[in-house]
Amino acid sequence: MNRRQLVKYIIAFPVLGSLLRSAAALAEWNVDAFAAQTEREAIDVFFPNREIIPSDAIKIGVHEVIENGAVVPIKIDADLPAVQSISIFVEHNPNPLIAHFDLSPECKGFIATRIKIGQPSDIIAIVQSEGKLYSKRKFVEVVEGGCG
Amino acid sequence: MKGGVGDMASGIKIRTSSKDGLTTVRSIIKHPMNTGFEFDDDKGEVIPVYFIKEVICKHNDKVVLRCDWSRAVSKNPYLSFVFEGAIEGDTVSISWTDSKGLSESATITLK
């Protein structure tokens, strides 16, 4: 099907058009990275062939001992210039990539949310600043896991 | 453990506070965020995976934050971020799309 035919189909079948639009809206959701089952694979798929520099400019705000892994408040605060994105990984979760945030230039390098952690694990935050990737790790103890 | 199957997608709460040109947004989205690991004791079956995949936050018409989420974001997700440049009368809107393709959005006006 060439483009002209496709356009005709979209005009003829509005449902197809909306499906294509919703597919486009979700195009950036990285299926392979979210499906990865190890930290290494998740990071390699999400940031292929990228150098990642450990940095203490990133603060991971989270309790060190977590009673309930189903609801773990977490804050990522990056004292780095022009933060473009923040990604959160949990090493020992079934799928280590938890969440990714694309920040506009108006945003401070800060995100707070709540996540599930299945067992004692490192949390890894990866922050993109001025085109470079920086990371910070923090170990948390988990009393009761939160994956169900 | 019971999951939230059957919970209809409804409800985004947004609160903001502004100081020194910075606006802090705090929001809670009602959603079950089922991992696919939970067991429904009443039905005797596993609750299927069901979660918000994408969240888009706008200041007026401009996207300030785009989120890609997995099922490991907690039930009834909490999201907070800080941005600059908003003034009284501007809007902040949050919209999400989940793994079933359902979506919802909410908008507030800054006072």
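Predicted, not measured: the structure shown is a model, and the values here were computed from it. First the proteins, then the strands, lettered A, B, ... as listed; each starts at 1.
If you measure heavy-atom distances from A/Phe34 to chain B, the contacts under 4.5 Å come from the side chain alone. Only the backbone of B/Val63 comes within contact range of chain A, with heavy atoms under 4.5 Å apart. For A/Ile98, the parts lying near chain B are the backbone and the side chain together; criterion is any non-hydrogen pair under 4.5 Å. Of the two parts of A/Val72, only the backbone, made up of N, CA, C and O, holds a non-hydrogen atom closer than 4.5 Å to a non-hydrogen atom of chain B. Contact of B/Arg71 with chain A is made through backbone and side chain together, with heavy-atom distances under 4.5 Å.
B/Thr91 and B/Thr109 are not linked by any side-chain donor-acceptor pair at a separation below 3.5 angstrom, with hydrogens and angles left out of the test.
Atom NE2 of B/His31 is separated from atom CG of B/Asn76 by 9.5 Å, given to the nearest 0.5 angstrom.
Residue with the most contacts toward chain A among B/Ser70, B/Gly85, B/Ser74, B/Pro77: B/Ser74 (heavy-atom pairs, distance under 4.5 Å). The choice from B/Val73, B/Asp68, B/Leu79 that makes the most heavy-atom pairs within less than 4.5 Å of chain A is B/Asp68.
A 6.0 Å sphere centred on CZ of A/Arg137 holds more than 12 heavy atoms belonging to other residues, nucleotides or ligands.
A salt bridge links B/Lys62 with A/Glu106: the distance from a Lys NZ or Arg NE/NH1/NH2 to an Asp or Glu carboxylate oxygen falls below 4.0 Å. At a threshold of 4.0 Å, the pair A/Lys136-A/Asp56 counts as salt-bridged, since one of the basic side-chain nitrogens sits closer than that to a carboxylate oxygen. Note on A/Glu28 versus B/Arg66: salt bridge recorded, some NZ/NE/NH1/NH2 to OD/OE distance being below 4.0 Å.
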